[in-house]
Number of protein chains: 2
Amino acid sequence: MPVTLVEVAARAGVSPATVSRVLNGNYPVAESTRQRVEKAVRELDYVVNAHARALLHATSGIVGVVLNDASDPFFAGIARGIQGAAAETSRLSVICNSEGDAEQEFAFLDLLRGHRADAVILVGAAPEDEEYRAAATTRAKGMLTTGTRMVLCGRPSPGEDAPGHVVEIDNEGGSAAITRHLVELGHRRIAYVTGPDGRTTTTARLAGFRRALADFGVEADENLVVHGDFSRQAGREAVERLLAAGRDFTAVLAANDLVAAGAVSALRAAGRSVPDDVSVAGYDNLPTAVDVWPNLTTVHVPLEEIGRKAIELAFGPADPQTVVTIPTAVVVRDSTAAPAAG
Amino acid sequence: MPVTLVEVAARAGVSPATVSRVLNGNYPVAESTRQRVEKAVRELDYVVNAHARALLHATSGIVGVVLNDASDPFFAGIARGIQGAAAETSRLSVICNSEGDAEQEFAFLDLLRGHRADAVILVGAAPEDEEYRAAATTRAKGMLTTGTRMVLCGRPSPGEDAPGHVVEIDNEGGSAAITRHLVELGHRRIAYVTGPDGRTTTTARLAGFRRALADFGVEADENLVVHGDFSRQAGREAVERLLAAGRDFTAVLAANDLVAAGAVSALRAAGRSVPDDVSVAGYDNLPTAVDVWPNLTTVHVPLEEIGRKAIELAFGPADPQTVVTIPTAVVVRDSTAAPAAG
DNA sequence: CGCGTGATAGAAAAGCCTTTCTACGGGCTC
DNA sequence: GAGCCCGTAGAAAGGCTTTTCTATCACGCG
């Protein structure tokens with residue numbers, strides 16, 4: 001049913017080869033012939049079959065982006081950067097939601113490999129267990145044999161032997177910096193609401209928090225570390241639990257801005273004023289950070305830039321195994337202040 | 001370089017046909033043969049070439065989603081629904097950001113057609129000019145000849161003659177309902193901050209606003225209608241302009257929740273309390289609506305459900321031209337109240 | 001004992017485009 | 001006027017998998 005190149009050729013009264021050459025413009029074709037062919041293409045509303053083309057070229061013009069959840073603004077920001085940069089190399093980006101499930105992630109990886117994706121970009125924190133590491137390394141090697149470039153974005157390389165470039169976010173540094181900000185304001189009892197357990201990002205951010213406290217000689221109270229995930233809901237519940245347990249704290253540091261937003265609403269519901277009674281700080285500087293009142297002090301992460309960088313690494317000169325670390329910066333807004341006296 | 005089916009066949013000591021049959025499981029193969037083949041597949045880490053397969057089937061297992069901006073929570077929500085539902089039919093969703101540019105949108109459409117996408121889902125408001133309508137109709141017809149199903153989501157059909165299903169959002173009804181809510185609270189001077197000009201969604205929501213006012217016999221003051229786009233920035237600036245011009249209003253109705261969030265922050269910056277001095281209402285019930293303080297009164301739009309519905313229409317029994325209208329519902333929260341006396 | 005039958009496997013064609021190789025005219029040079 | 005080269009176009013192969021059609025083998029039955 002779909003129109004083929006052969007039909008176009010017949011209509012234009014030329015050979016298939018000529019039509020192909022007009023379409024690709026990589027071979028001289030007489031002006032009059034060209035026009036006849038172009039007319040036939042228009043009249044039949046013909047588009048080349050990308051599969052037949054890819055079959056010859058072993059390339060598809062597709063960039064796969066595998067992430068946890070495209071509706072999460074963190075991923076959305078990075079994906080946006082990737083799409084923009086990929087489009088500039090006239091490639092089509094495919095976004096795949098793995099829902100944080102390793103099984104699904106691998107399924108997508110195989111699917112993309114089957115489609116001979118030019119590159120696959122894995123975005124976001126990875127599970128930390130050994131089994132996942134091994135499986136990921138195998139997959140990464142497989143990608144190479146299909147000529148698919150791999151870039152890891154916001155997660156460390158699964159291992160020395162795994163091929164692929166890496167765009168890392170300075171999570172530990174940023175987390176340490178914002179902790180420092182709180183300590184310098186005078187906070188000593190700081191609650192920390194983590195991201196999901198066993199994820200690289202969670203671990204790094206928590207480590208930065210602990211390191212900064214240690215640097216100042218502040219003792220970390222493990223009762224003030226509450227585990228959650230990267231959602232508003234988690235932020236709300238974590239703070240509710242802290243309050244219910246009667247914990248004493250003057251600041252809450254959240255795994256990201258969504259969690260911070262949840263924390264703010266829980267504090268408000270409990271009649272605590274932010275930042276007068278309790279300071280709250282987030283991470284990522286998501287658009288939401290300025291919707292929350294008071295506007296969130298947070299750590300800026302240049303999401304789109306990270307995405308662009310990933311594409312740059314994927315299609316740039318192929319030095320094997322480049323690792324780029326994206327710096328972060330504390331953004332002070334209205335949700336943090338010196339603790340109330342006493 | 002990539003492993004082919006023929007190589008797998010050679011290694012397993014069988015014919016290519018047999019390998020294909022093991023892989024697809026659609027033809028009896030002796031158990032011992034199957035095992036040999038599976039071993040070879042594992043050892044060579046083989047994945048079928050999706051292009052060669054698609055070349056035969058004239059189908060690709062891909063669903064194209066074309067939208068303005070995947071990082072906008074409105075689109076993200078719908079895309080999420082689409083992805084989930086598409087995955088259940090084991091199809092891969094491709095998200096394409098058109099950035100609201102018709103040129104790019106058409107480029108993606110052609111690209112997807114070239115890839116023999118099983119379906120293409122166009123999400124979000126469309127330009128209202130005749131030229132666009134005509135071009136869109138042509139494209140839609142072309143899709144049919146390639147066997148690609150078309151679904152329009154959150155936009156009306158470009159015309160009677162254009163094929164494809166439609167999932168419409170009851171924008172006018174929702175807008176009228178929330179306007180009614182404000183009028184019933186006692187508001188008479190209501191400012192309206194629109195979405196981008198010349199877009200179907202903008203027009204419909206504005207029409208609902210006007211209709212509801214007319215129903216109550218409230219005269220609409222055109223000075224209170226300010227044009228913007230669907231961003232926080234637009235909401236902020238619109239309200240700043242209204243205030244600077246010394247306009248008198250007791251409520252602001254925004255084209256969506258992001259705009260409403262911007263409006264709230266502009267009002268707060270100007271020392272007006274929400275909802276005591278001015279009520280604010282949004283649209284879409286985005287996650288952000290409950291981050292804003294006070295939590296936004298808004299119109300709930302079931303985004304994921306819309307996405308799922310789109311897939312259902314695309315791959316369900318192919319009645320031509322189904323139109324489904326998704327109802328909306330007012331959600332009253334804390335950003336609206338009766339106007340101050342006097 | 002020959003042949004039909006069922007189970008399994010192979011051969012070959014098809015699907016659509018690109019690209020190399022070949023062919024054909026015509027103008028130019030000597 | 002003969003031989004060449006250039007510009008242009010066609011023929012045909014190649015790329016990878018699926019699927020139809022055919023072949024083989026073992027077995028059982030008449």
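The analysis underlying the following values was restricted to heavy atoms, covering all of them including side chains, and did not include hydrogens, waters or symmetry mates. Numbered from 1 within each chain, the chains take letters A, B, ... in sequence-line order.
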Exercise. Supply the atom-to-atom distance B/Leu92 CG to A/Cys96 SG, rounded to the nearest 0.5 angstrom.
Key: 4.5 Å
Quiz item: CG of B/Asn97 to CZ of A/Arg80: how many Å apart, nearest 0.5 Å?
Solution: 6.5 Å
Salt-bridge contact [X]-[Y] (side-chain N to carboxylate O under 4.0 Å):
X	Y	result
B/Arg34	B/Glu31	yes
A/Lys39	A/Glu43	yes
B/Lys309	B/Glu168	no

Practice problem: Would you confirm whether A/His51, through its side chain, and B/His115, through its main-chain N or O, come within 3.5 Å as a donor-acceptor pair? | Solution: yes
Self-check item: 5' priority, DNA chain D, between B/Leu55 and B/Asn26 [closest heavy atom]
Solution: B/Leu55
Quiz item: Should A/Gln83 and A/Val65 be marked as a side chain to side chain contact (heavy atoms under 4.5 Å, CB included) after you check the CA-CA gap, both sets of side-chain angles, and the distance that decides it?
Solution: CA-CA 9 Å; A/Gln83 293 229 354; A/Val65 182; 5.9 Å; no
Self-check item: Nearest-nucleotide pick for A/Val29, side chain only, options being D/dA9, D/dT19, D/dG15
Solution: D/dA9
Detail all sub-3.5 Å separations between protein N/O atoms and N/O atoms belonging to nucleotides 20-27 of chain D.
unit_1: D/dT20; atom_1: O4; unit_2: B/Arg21; atom_2: NH1; d: 3.2

Exercise. Tell me which of B/Ala52 and B/Thr33 sits closer to the 5' end of DNA chain C, going by the nucleotide each one is nearest to.
Key: B/Thr33
Self-check item: Side-chain N or O of A/Thr18 closer than 4.0 Å to phosphate OP1/OP2 of D/dG10
Solution: yes
Exercise. For D/dT18, take OP1 and OP2 only and decide whether either is under 4.0 Å from a side-chain N or O of B/Arg53.
Key: yes
Rounded to whole angstroms, how far apart are [atom1] on [X] and [atom2] on [N]?
X	N	atom1	atom2	value
B/His51	D/dT18	NE2	P	14 Å
A/Glu31	D/dA9	CD	C1'	16 Å
A/Leu56	D/dA12	CG	C1'	13 Å

Quick check: do [X] and [Y] have side-chain heavy atoms less than 4.5 Å from each other?
X	Y	answer
B/Thr33	B/Arg21	no
A/Leu122	A/Glu105	yes
B/Asp118	B/Phe315	yes

Practice problem: Flag yes if more than 12 heavy atoms outside A/Glu130 fall under 6.0 Å of its CD atom; otherwise flag no. | Solution: yes
Quiz prompt | B/Arg116: side chain to side chain donor-acceptor pair (under 3.5 Å) partners, not counting sequence neighbours | solution = none
Self-check item: Strand contacts (DNA chain C) in residues 34-49 of chain B, 4.0 angstrom heavy-atom criterion
Solution: none
Exercise. Among residues two or more places apart or on two chains, list those pairs meeting ring-ring contact (aromatic ring centres under 6.0 Å, His included) that have a residue in residues 120-141 of chain A.
Key: A/Phe106-A/Tyr132
Quiz prompt | Five-pair end axes of the helix from C/dC1-D/dG30 to C/dC30-D/dG1, angle between them (10°) | solution = 60°
Exercise. Go through DNA chain C in 5' to 3' direction and return only the first and the last nucleotide with some atom under 4.0 Å of chain A's heavy atoms.
Key: C/dC16 to C/dT20
Exercise. For A/Val19, answer base if it contacts any base atom (sugar-phosphate contacts may also be present), sugar-phosphate if it contacts only those atoms, and nothing otherwise; contact means non-hydrogen atoms under 4.0 Å.
Key: nothing
Self-check item: Polar contact flag, side-chain donor to acceptor under 3.5 angstrom, A/Arg91-A/Thr89
Solution: yes
